Amino acid sequence: MIQEPENLTVWEIYHALEPDGLRHFIGIHPNPADSRPVGRHILFVLEKPYKEIGAAVQEAMEGITLQDLLDYYRANDDVRFDYTSHQYE
């Protein structure tokens with residue numbers, strides 16, 4: 001790992017694994033029915049709210065670090081083992 005867990009955000013991890021970002025997180029049917037009134041306009045109607053939702057999700061993910069997740073896991077983990085061991089690398 002190049003960055004320390006306290007400097008690596010959940011957003012950075014997610015974005016590295018999903019380069020298309022939130023398009024996979026918030027899905028829109030790839031082929032709306034253009035012959036139907038809803039299908040014909042759905043992409044336009046949802047574009048602005050989905051961008052706002054995406055920005056809020058990204059902001060939340062940027063506020064959480066890998067260290068935060070590790071700390072939460074350790075505080076709530078009933079099974080204890082040596083986390084400093086590099087046996088899994």
Side-chain angles (χ1 to χ4, degrees):
M1 185 167 20
I2 295 172
Q3 294 186 42
E4 293 297 320
E6 62 269 11
N7 297 324
L8 187 61
T9 68
V10 172
W11 172 253
E12 292 170 314
I13 296 167
Y14 176 78
H15 192 66
L17 297 173
E18 289 288 344
D20 287 336
L22 297 172
R23 288 190 352 193
H24 288 88
F25 189 80
I26 305 172
I28 295 179
H29 192 281
N31 301 311
D34 289 336
S35 62
R36 307 277 188 213
V38 173
R40 192 168 38 247
H41 300 287
I42 195 69
L43 296 177
F44 172 76
V45 169
L46 293 177
E47 183 178 5
K48 185 177 185 291
Y50 273 23
K51 281 185 181 181
E52 292 173 5
I53 293 166
V57 168
Q58 181 176 343
E59 183 179 341
M61 291 173 119
E62 287 173 338
I64 304 168
T65 66
L66 178 56
Q67 189 64 55
D68 294 332
L69 296 178
L70 292 171
D71 291 345
Y72 181 78
Y73 175 77
R74 290 176 184 154
N76 294 286
D77 182 18
D78 292 337
V79 178
R80 303 290 178 199
F81 59 92
D82 180 9
Y83 291 95
T84 59
S85 171
H86 298 282
Q87 69 187 23
Y88 299 107
E89 291 182 7

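The structure presented is a predicted model; accordingly, all values stated were derived computationally and were not measured.
- Gln67 contributes atom CD, which lies 13.0 Å from atom CD of Gln3 (distance to the nearest 0.5 angstrom).
- Following chains of ILVMFWY side-chain contacts shorter than 4.5 Å, one cannot reach Tyr14 starting from Tyr72, and the two form parts of different hydrophobic clusters.
- The heavy-atom pair separating Asp68 from Gly63 by the smallest distance is OD2-O, 3.9 Å.
- The local environment of CD in Glu52 is crowded, with over 12 non-hydrogen atoms from other residues, nucleotides or ligands closer than 6.0 Å.
- Residues satisfying the ring pair (Phe, Tyr, Trp, His ring centres under 6.0 Å) criterion with His15, sequence neighbours excluded, are Trp11.
- Remark: Glu62 CD to Glu12 CD distance equals 8.0 Å, nearest 0.5 Å.
- From Asp71, atom CG reaches atom CG of Leu66 across 9.5 Å, with rounding to the nearest 0.5 Å.
- Clustering ILVMFWY residues whenever any of their side-chain heavy atoms sit less than 4.5 angstrom apart, transitively, puts Ile53 in a cluster other than the one holding Val45.
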